[in-house]
Amino acid sequence: QVHLVESGGGLVQAGGSLRLSCAASGRTFSRYAMGWFRQAPGKEREFVAAISTSGGSTTYIDSVKGRFTISRDNAKNTVYLQMNSLNPEDTAVYYCAANLVYESDYAGGRLDEYDYWGQGTQVTVSS
């Protein structure tokens, strides 16, 4: 199986920034579109951002557009989520996920499309 390990979570004040990283195992990282999801207390897991296999296409939910940036480094088997201007509504466990795709520019946000998931990293934004 593909192992995904998130890091970079923590506690920050409102308005601050964090960069999450997700390290993937294997030599086939470039075949997967990658996504970030989050789950806040009392809520279901939701899509946040996705990036296509080459990094040429990205997708974001409206609430994070202009604040979050997803990127990837295929040589390092790593995907990132740069999170700026954080607010308490961003507090959640953030999960990295991998989606084996056959269209190179696809960056989808459907949870059930993703094949592998990390354990999650906690992001807490204080006010």
Side-chain angles (χ1 to χ4, degrees):
Q1 61 178 342
V2 175
H3 292 275
L4 304 172
V5 181
E6 302 96 335
S7 62
L11 174 65
V12 298
Q13 296 186 23
S17 298
L18 285 173
R19 188 178 74 160
L20 305 183
S21 298
C22 174
S25 65
R27 299 176 62 188
T28 60
F29 179 71
S30 62
R31 300 180 186 176
Y32 292 86
M34 300 296 296
W36 287 97
F37 295 76
R38 66 187 180 187
Q39 187 166 20
K43 297 185 178 180
E44 295 183 349
R45 192 172 300 182
E46 67 171 352
F47 169 76
V48 177
I51 188 166
S52 61
T53 56
S54 67
S57 298
T58 58
T59 306
Y60 301 91
I61 55 170
D62 288 343
S63 62
V64 307
K65 288 180 179 178
R67 300 190 298 121
F68 291 10
T69 302
I70 187 170
S71 61
R72 68 191 295 161
D73 186 339
N74 287 348
K76 296 180 179 179
N77 280 15
T78 303
V79 63
Y80 306 95
L81 185 68
Q82 179 67 47
M83 308 164 67
N84 298 328
S85 301
L86 287 163
N87 59 62
E89 289 71 42
D90 297 314
T91 295
V93 177
Y94 282 71
Y95 298 89
C96 175
N99 176 18
L100 181 65
V101 298
Y102 303 95
E103 184 177 346
S104 61
D105 61 350
Y106 185 74
R110 292 174 59 92
L111 187 149
D112 60 1
E113 294 178 339
Y114 287 79
D115 304 293
Y116 301 100
W117 295 82
Q119 292 293 306
T121 185
Q122 177 70 50
V123 172
T124 302
V125 184
S126 64
S127 59

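- Considering only residues two or more places apart in sequence or on other chains, Lys76 meets the salt bridge (charged side-chain N to carboxylate O under 4.0 Å, His left out) condition with none of them.
- Across all their heavy atoms, Ser126 and Leu11 have their closest contact at CB-CD1, 4.3 Å.
- Between Ser52 and Tyr106 there is no side-chain heavy-atom pair separated by less than 4.5 Å.
- Judged by distance alone, the side chain of Thr59 and the main-chain N or O of Gly108 form no donor-acceptor pair under 3.5 Å.
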>> Let's go through Arg67 and Asn87 carefully: what are the C-alpha distance in whole Å and the side-chain angles of both, what is the deciding distance for side chain to side chain contact (heavy atoms under 4.5 Å, CB included) to 0.1 Å, and is it a yes or a no?
In response: CA-CA 10 Å; Arg67 300 190 298 121; Asn87 59 62; 3.6 Å; yes
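- Contact between Glu6 and Tyr95 at its shortest, heavy atoms only, is OE2-CA, 3.4 Å.
- Leu4 places a side-chain heavy atom less than 4.5 Å from the side chain of Met34.
- The number of heavy atoms from other shown groups lying within 6.0 Å of CD (Glu46) is above 12.
- Considering all non-hydrogen atoms of both residues, Val123 and Gly9 come closest at CG2-CA, 4.2 Å.
- A single hydrophobic cluster is not seen to contain both Val12 and Tyr80; linkage of ILVMFWY side chains at heavy-atom distances under 4.5 Å, directly or through other members, places them apart.
- Using a 4.5 Å cut-off between side-chain heavy atoms of Ile, Leu, Val, Met, Phe, Trp and Tyr, with links allowed through other members, Ile61 and Ile51 fall into the same hydrophobic cluster.
- Phe37 has its ring centre less than 6.0 Å from the ring centre of Trp117.
- The shortest non-hydrogen separation linking Val48 to Val64 is O-CG2, 3.9 Å.
- Side-chain contact between Asn99 and Tyr32 is absent, with no heavy-atom pair separated by less than 4.5 Å.
- Nearest heavy-atom pair, Leu100 versus Arg31, reported as atom, atom and distance to 0.1 Å: CD1-O, 3.7 Å.
- Linking ILVMFWY side-chain heavy atoms closer than 4.5 Å, directly or via other members, places Val101 and Leu111 in two distinct hydrophobic clusters.
- Note that the CH2 atom of Trp36 and the CZ atom of Phe47 stand 12.5 Å from one another [nearest 0.5 Å].
- Under the 3.5 Å distance criterion, the side-chain polar atoms of Gln82 are left unmatched by any main-chain donor or acceptor of Thr69.
- Looking only at distances, a side-chain donor or acceptor of Thr91 sits under 3.5 Å from a matching main-chain atom of Val125.
- Counting heavy atoms from C-beta outward, Pro88 and Ser127 have side chains that approach closer than 4.5 Å.
- Residues forming a side-chain hydrogen bond (donor to acceptor under 3.5 Å, both in side chains) with Thr124 (at least two apart in sequence, or on another chain): Gln122.
- Ser30 places no side-chain N or O within donor-acceptor distance of the main-chain N or O of Asn74, the cut-off being under 3.5 Å.
- Heavy-atom minimum distance, Arg38 versus Phe68: NH1-CE2, 4.1 Å.
- The salt bridge (Lys or Arg N to Asp or Glu O under 4.0 Å) contacts involving residues 49-63 comprise Asp62-Lys65, where partners must be two or more places apart or lie in separate chains.
- Follow the hydrophobic side-chain contacts under 4.5 Å out from Leu81 and you reach Leu86 in the same cluster.
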